[in-house]
Number of protein chains: 2
Amino acid sequence: MKGMASADRHRQITDAVRQTGQLSVSELAELTGSSEMTIRRDLEILAEQGLLERYRGGARSLLLRGEEPPFALREHDELEIKRRIAAATADLIADGEAVVVDSGTTCLEVARALSHRRLTVMPLSLHAANALVGAPQLKLLLPGGEPRPGELALTGPLTEASLAALRFDTAIIGCCGLNAADGLTAYDLADAAIKRAAMASARRVIAVTDAAKFSRTALAFVAPASALHSVVTGSDAPDDQTEALSAAGVVVRRV
Amino acid sequence: MKGMASADRHRQITDAVRQTGQLSVSELAELTGSSEMTIRRDLEILAEQGLLERYRGGARSLLLRGEEPPFALREHDELEIKRRIAAATADLIADGEAVVVDSGTTCLEVARALSHRRLTVMPLSLHAANALVGAPQLKLLLPGGEPRPGELALTGPLTEASLAALRFDTAIIGCCGLNAADGLTAYDLADAAIKRAAMASARRVIAVTDAAKFSRTALAFVAPASALHSVVTGSDAPDDQTEALSAAGVVVRRV
DNA sequence: CATATCAAACAGATTTCGTGTTCGATAACT
DNA sequence: AGTTATCGAACACGAAATCTGTTTGATATG
């Protein structure tokens, strides 16, 4: 963990750039009360993380409408809720199971929650893989594939082939949108194909999602809600949505 | 990079434990001129890296005869030579090639040397994969498999399947032993199988190795020297060995 | 039960890291 | 081409984190 002050400033910068669309270095310096040099150094870091785009004199948001915010941003968002969801999800897994864990920030927390268990785990992102290496009791299995920049989600034919060769007890799937009408949806088409493959190779499918996903529908359709066995979500999930899911035969767990 | 003093002390401890076989905390404290508490904290760290085994009152070496030293130890060993070998190897690769890069510390440096090139690269260890993520021009391809603890070399049927599905221009292979008589050998049997698979899926095979490997022969036979197209090694490689390789039709490059 | 070893907690010292300033270099604009 | 603003590197100061040693109570060993 680095200095708090700089982390705050980074968030301030990304938020401001997001809202305004673009801001000059001097404006950001005034806004944060720090020097322009510090802003430049910050922008360099943030641009490297894919959070914004740098240009001479300032920075602009590279967030288009309907696009997914970058991984580095979502990672620290709603962390407590994600941790609670992850812990509750881990409770649904029995020792000795073989589990495939999807990409995304919520699933990364699930992977962390599983790291001390006696399990066979195949993570679908390099972030989760790195979080699991060195776990003593855990048998780690990596799929092949192409890691997408930032997200480090593994996709492509190699990933699909790896999944097709295996049968898991449980698949833990993240999503970008989930509701009874549109089903489970994802922003990235390649990701969607992998999610489908993971679900197909598991006996039981658990979706993990924070409440915000219920009011969203992303581009790529993955599966209808009825394909899920359980959904683990936050306590602030809207009642009508969870009831609609229950009606579709899904076990909903709120934490 | 952390404080120099502690790094020196860590090396001092591992070396002493290696030589003596086992040493008490008090002996190590006297040897290094630091307090016992510091030694205990060091031993905890070193044991976590797999460099030695902890027991009440001291620590012992877990290095058996003929076994490979742990990754964390080899990583900083002869780094300059490895970098030179890696740079020379990178010079043999043309832009646009598809390259598979083996596991091991020397190949990790090769991966780093390739990270700014316009290439398709499949690393066979998670260490190299992590070194390559985020490289802008590089197309990164990951094989599936089980990462071996410490080494993080990917092995097993998934890795073999990933390799079997692809055809590379060049395979860059590390080794534990290499000479004209015994061919290319490895300590780990699973690794050996992967090296063979990587070689089989590439048109051209380049072996990278420091001079010490020429006088060693490891347990698992991978391939005869004649299966290699080139060998890149240090300038201190023994003449008789390099001549024998040349006689077998291998292009030897000393740097 | 006695003794040695250990781990946690605290405090001081050391180092690293973040920040601001200055200055020469570089890029954009007229 | 000239002018102006922006940038990046270098240096210095201050703050924060890290490392180390001591103490003390807990734990394991014989």
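So you know, we letter chains A, B, ... as the sequences are listed, proteins then strands, and number each from 1. From a predicted model like this one, the values you see are computed outputs, not experimental measurements.
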key: Closest-nucleotide 5' rank along DNA chain D - winner of Gly58(A) and Arg9(B)   =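 Here Gly58(A) is the residue nearer the 5' end.
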For the pair made of [atom1] in [X] and [atom2] in [N], what is the distance, rounded to whole Å?
{"X": "Ile45(B)", "N": "dA7(C)", "atom1": "CD1", "atom2": "P", "answer": "13 Å"}
{"X": "Asp42(B)", "N": "dT18(D)", "atom1": "CG", "atom2": "C1'", "answer": "13 Å"}
{"X": "Arg41(A)", "N": "dT21(C)", "atom1": "CZ", "atom2": "P", "answer": "11 Å"}
{"X": "Arg40(B)", "N": "dT22(D)", "atom1": "CZ", "atom2": "C1'", "answer": "12 Å"}
{"X": "Tyr55(B)", "N": "dT27(D)", "atom1": "OH", "atom2": "P", "answer": "23 Å"}
{"X": "Leu28(B)", "N": "dT20(D)", "atom1": "CG", "atom2": "P", "answer": "14 Å"}
{"X": "Glu44(B)", "N": "dA7(C)", "atom1": "CD", "atom2": "C1'", "answer": "9 Å"}
{"X": "Ile39(A)", "N": "dG8(D)", "atom1": "CD1", "atom2": "P", "answer": "14 Å"}

remark   = Heavy-atom contacts, protein to nucleotides 25-30 of chain C, under 4.0 Å, summarised as B (base), S (sugar-phosphate only) or - (none) per nt, yield -BSS--
query = Taking the side chain of Thr38(B) as heavy atoms from C-beta outward, which of dT19(C), dT20(D), dA7(C) is closest to it?
reply =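 Of dT19(C), dT20(D), dA7(C), dT20(D) is nearest to the side chain of Thr38(B).
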With heavy-atom distances below 4.5 Å as the criterion, would you say the side chains of [X] and [Y] are in contact?
{"X": "Thr209(B)", "Y": "Arg216(B)", "answer": "no"}
{"X": "Ile39(B)", "Y": "Glu30(B)", "answer": "no"}
{"X": "Gln12(B)", "Y": "Asp42(B)", "answer": "no"}
{"X": "Leu43(B)", "Y": "Leu28(B)", "answer": "yes"}
{"X": "Leu154(A)", "Y": "Ile194(A)", "answer": "no"}

task = Compute the bend angle of the helix from dC1(C)-dG30(D) to dT30(C)-dA1(D) from the end axes (five pairs per end), rounded to 10°.
result =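 Comparing the axis at each end, I get an angle of 60°.
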task = Determine: side-chain N/O of Ser6(A) to OP1/OP2 of dG18(C), distance under 4.0 Å, yes or no.
result =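 So the side-chain polar atoms of Ser6(A) never come under 4.0 Å of the phosphate oxygens OP1 or OP2 of dG18(C).
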ask   = Are OP1 or OP2 of dG21(D) and a side-chain N or O of Ser35(B) less than 4.0 angstrom apart?
value =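 Yes, such a contact exists.
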request  = Please name the residue in the list Thr170(B), Asp102(B), Val110(B), Ile173(B) that meets the side chain to side chain contact (heavy atoms under 4.5 Å, CB included) test with Ile206(B).
outcome  =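 Exactly one option meets the side chain to side chain contact (heavy atoms under 4.5 Å, CB included) with Ile206(B), and it is Thr170(B).
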inquiry  = Taking side chain to side chain contact (heavy atoms under 4.5 Å, CB included) as the criterion, tell me which of Ile172(A), Ile81(A), Val208(A) meets it with Thr106(A).
reply    =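 Result for side chain to side chain contact (heavy atoms under 4.5 Å, CB included) with Thr106(A): Val208(A).
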query = So, Arg112(B) side chain and Ala131(B) main chain: donor-acceptor pair closer than 3.5 Å or not?
reply =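 No.
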task = For Ser24(B) and for Met37(B), locate the closest nucleotide of DNA chain C by heavy-atom distance; then report the residue assigned to the nucleotide nearer the 5' terminus.
result =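 Comparing both residues, the 5'-ward one is Ser24(B).
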request  = State which residues pass salt bridge (charged side-chain N to carboxylate O under 4.0 Å, His left out) with Glu151(B); sequence neighbours excluded, sorted by chain then number.
outcome  =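 If we apply the salt bridge (charged side-chain N to carboxylate O under 4.0 Å, His left out) test to Glu151(B), skipping adjacent residues, the hits are Arg74(B).
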